[in-house]
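Small disclaimer: the values here were computed from a predicted structure and weren't measured. These values consider heavy atoms only, across backbone and side chains, with no hydrogens, waters or symmetry-generated copies.
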Amino acid sequence: MSFTLKDGSTSFVFPVNPEEVNISRSKGYETINMLEHGEFDFAQGEKVKEITFSSFFPKEYDKSYCTVTDIPDPRVAMNVLNTFLISKKPLRFIISGTGVNVPVFLISLNSSFRGGETGDIYFDLTLRTWRDSKVEKVGSGAAGSKSGSRTDLKKNSKTYTVKAGDSLSKIAKLELGNSSKWNEIYKLNTKIIGSDPNRIKPGQKLVMP
């Protein structure tokens, strides 16, 4: 098994395989408050994956852990990774013998030195998978109309959390610019406030007009 980062036709093979590789996956979602019906989650597809691992660049070759005989100088190897870190072009990350063969960006690189191991450089890095933004533009017209409808929904479902010392007229002045509009707030929140508009309580979430 080998771990390789490819920058076009140039391949960089890590001389020492990491003990473990962590691949983080998660799904994106958007939470929308729909007036008196509460909160709803809308899935937005898979988020970008993060791949993290740690290893080191040895000063001297040791067949017990080195995967290649022609190992790079640790300082030269770190310079290569630093070049990848500042590059604006995606790389390709490959783990032979597995299904991992993905375009990535190197987004984080940390190095350290250990006493008694002169010349060796230890590192940990983070890669994020890359997707061509053109994929997101397919059906942009339909996506735009959906986005517009969601924006309107968010606008209509703006809320205000009651604080100590608040009154409906004070909230109307702060949020709507006119204290006389307190009745509009009350009409939308009668079930929450109750029969007396003057008895609002700290912590109540009121839907705003």
Side-chain angles (χ1 to χ4, degrees), residues 1-30 41-148 150-151:
M1 179 182 291
S2 62
F3 290 71
T4 306
L5 276 174
K6 294 189 69 175
D7 181 14
S9 59
T10 304
S11 295
F12 178 82
V13 180
F14 291 89
V16 180
N17 286 348
E19 293 184 1
E20 64 178 14
V21 177
N22 297 308
I23 302 178
S24 175
R25 301 177 178 87
S26 61
K27 178 183 287 187
Y29 68 93
E30 181 179 8
D41 289 338
F42 293 89
Q44 293 185 321
E46 186 179 18
K47 286 187 175 180
V48 172
K49 300 182 185 71
E50 284 196 353
I51 303 170
T52 59
F53 64 87
S54 302
S55 186
F56 73 101
F57 295 124
K59 180 65 176 178
E60 303 293 340
Y61 171 77
D62 189 323
K63 66 179 181 179
S64 66
Y65 51 74
C66 291
T67 61
V68 293
T69 55
D70 186 19
I71 63 173
D73 180 274
R75 291 172 296 179
V76 172
M78 285 302 301
N79 286 337
V80 172
L81 292 186
N82 281 321
T83 300
F84 291 162
L85 181 65
I86 63 177
S87 174
K88 295 182 179 180
K89 297 188 299 181
L91 310 164
R92 182 160 289 275
F93 180 57
I94 303 168
I95 305 178
S96 63
T98 72
V100 178
N101 185 337
V102 291
V104 297
F105 279 109
L106 175 56
I107 64 163
S108 175
L109 176 64
N110 300 303
S111 59
S112 61
F113 303 88
R114 299 183 181 179
E117 300 180 32
T118 305
D120 294 352
I121 300 179
Y122 287 77
F123 67 89
D124 53 82
L125 57 78
T126 301
L127 307 169
R128 280 173 67 88
T129 54
W130 174 81
R131 288 180 293 187
D132 192 336
S133 60
K134 291 180 180 178
V135 175
E136 304 299 329
K137 294 181 180 179
V138 175
S140 59
S145 63
K146 288 182 180 179
S147 176
R150 284 191 178 182
T151 301

- [ ] Find out whether V80 and P72 are in side-chain contact, i.e. whether some heavy atom of one side chain is under 4.5 Å from a heavy atom of the other.
- [x] no
TODO: Report the distance from atom CG of L127 to atom CD1 of I107, rounding to the nearest 0.5 Å.
DONE: 8.0 Å
Task: Residues that F56 engages under ring pair (Phe, Tyr, Trp, His ring centres under 6.0 Å), provided they are two or more places apart - done: Y65, Y122
TODO: Report the residues that fulfil side chain to side chain contact (heavy atoms under 4.5 Å, CB included) with N110, sequence neighbours left out, ordered by chain and then residue number.
DONE: S108, D124
Open item on the list: Parallel, tilted or perpendicular: which one describes the rings of F84 and F12, with boundaries at 30° and 60°?
Closed with: perpendicular
Open item on the list: Distance check, rounded to the nearest 0.5 Å: E50 atom CD versus T52 atom OG1?
Closed with: 7.5 Å
Task: CZ-NZ distance between F105 and K88, expressed to the nearest 0.5 angstrom - done: 10.5 Å
Open item on the list: Can you give me the closest heavy-atom contact between G119 and P74, atom names plus distance?
Closed with: O-CG, 3.3 Å
TODO: Answer yes or no: is there an ion pair linking R92 with D7, defined by an N-O contact shorter than 4.0 Å?
DONE: no
- [ ] To the nearest 0.5 angstrom, please state how far the CG atom of L5 sits from the OG1 atom of T10.
- [x] 12.0 Å
- [ ] With rounding to the nearest 0.5 Å, note down the distance linking SG in C66 to CD in E60.
- [x] 10.0 Å
Open item on the list: Using 0.5 Å steps for rounding, measure from the CD1 atom of I94 to the NZ atom of K6.
Closed with: 5.0 Å
- [ ] Search all heavy atoms of M1 against all heavy atoms of T98 and return the closest pair with its distance.
- [x] CE-CG2, 4.0 Å
Open item on the list: Check whether T83 reaches the backbone of N79 with its side chain - one donor and one acceptor, N or O, closer than 3.5 Å.
Closed with: yes
Task: Listed partners of L109 passing side chain to side chain contact (heavy atoms under 4.5 Å, CB included), at least two apart - done: M78, L81, N82, L85, F123, L125
